[in-house]
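One-based numbering, in listed order, for ligands and for the atoms of each.
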Amino acid sequence: MTDSIRALIAGNWKMNGLEAQLGEAEAIAAALASEPARARVALCPPATLISRMAQRLKGGAVEIGAQDIAAQASGAFTGDVSAAMVADAGARLVILGHSERRALHGEDDAEVARKVEAALACGLEPIVCVGETLDQRQAGRAAAIVRGQVEASLPPALKAHAFCVAYEPVWAIGTGLTPSSAEIAALHADIRAALVERLGDTGRRAPILYGGSVKPANAAEILALPEVGGALVGGASLTAADFLPIIRAV
Ligand code: 13P
């Protein structure tokens, strides 16, 4: 981990969570209240829970994030939710360009970049996701694909804002598979170089999170790698029992 950057451990609940699940979020917040974490901690519940989670965790150490926003500010976009809406509900961060959005909803880099701009306009801190598929990795193209995503998904406007990048190899998400430590370190170094080239000093300071099958058992090793500035955690963020040891691994 790079010393000057405070790590972020963010939980992405994806399409999981009803009212009853808020007890897990409260248990995480209560544990951090009695023993503060070294890392920043965020939970990104489904849009329906943002407001209730923000109210229940108000004043505590857990920041709330959204999982997506529309690129547009308002208007005739049935079913979509804007940056202003999630900010109004209590979100301070937003995950953008997650591979599930890219693959299942056809989001390309240009749309992700527009969403980043929409997020910044409402004061949200974007967590911009990049990552290669298994085919791309096996073809030796992982670094090139990820560099292309960084260059095309991150608008120059980010120079003046706090943001994170999350490196999530698609084949590691929800599979229990992870790249080797050397592979993670290599990709994170590539992403850092691309960030600095594109955004100068701001690109030096942005945490680069790793995501994809982060669990209590592998968190410490992954989080200790150079240029790994935290984690974006799916399945293991749904319970306090799994998420807390990952937070404590920083
Ligand atoms: P898992 O931790 O469940 O593999 O999910 C990773 C992810 O996609 C987080 O955004």
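Without hydrogens or angle criteria, Gln136 side chain to Thr133 main chain gives a donor-acceptor distance under 3.5 Å. For Arg38 (side chain) and Ala249 (main-chain N/O), no donor-acceptor pair under 3.5 Å exists by modelled atom type. Checked by atom type and distance alone, the side chain of Arg102 never pairs as donor or acceptor with a backbone atom of Glu107 at under 3.5 Å.
Listed by number with element, the atoms of ligand 1 under 4.0 Å from a non-hydrogen atom of Leu232 are 9 (C), 10 (O). Taking every non-hydrogen atom of Gly235 and a distance limit under 4.0 Å, the qualifying atoms of ligand 1 come out as 1 (P), 2 (O), 3 (O).
Residue Ser213 places a heavy atom less than 4.0 Å from ligand 1. In this structure, Gly174 is part of the shell of residues with a heavy atom less than 4.0 angstrom from ligand 1. Within the 4.0 Å heavy-atom cutoff, Lys215 does not count among the residues contacting ligand 1.
Given atom 2 (O) of ligand 1, the protein heavy atom at minimum distance is Gly234 N, 2.9 Å. The nearest protein atom to atom 7 (C) of ligand 1, hydrogens excluded, is given as Glu168 OE2, 3.1 Å; this is a heavy-atom distance.
More than 12 heavy-atom neighbours from other residues, nucleotides or ligands sit within 6.0 angstrom of CD on Glu183. Shown here is Leu104, whose CG atom has more than 12 heavy atoms of other residues, nucleotides or ligands within 6.0 Å.
Every N/O-N/O distance between Thr175 and ligand 1 stays at or above 3.5 Å. Taking any N or O of Ile173, backbone or side chain, none lies under 3.5 Å from an N or O belonging to ligand 1. At under 3.5 Å, not a single nitrogen or oxygen of Val233, backbone or side chain, sits near a nitrogen or oxygen of ligand 1.
In plain terms, the two heavy atoms of Pro169 and Tyr210 that are nearest each other are CD-CE1, 3.7 Å.
Screening Gln149, His188, Glu132 for a side-chain hydrogen bond (donor to acceptor under 3.5 Å, both in side chains) involving Tyr167 leaves a single residue, Glu132.
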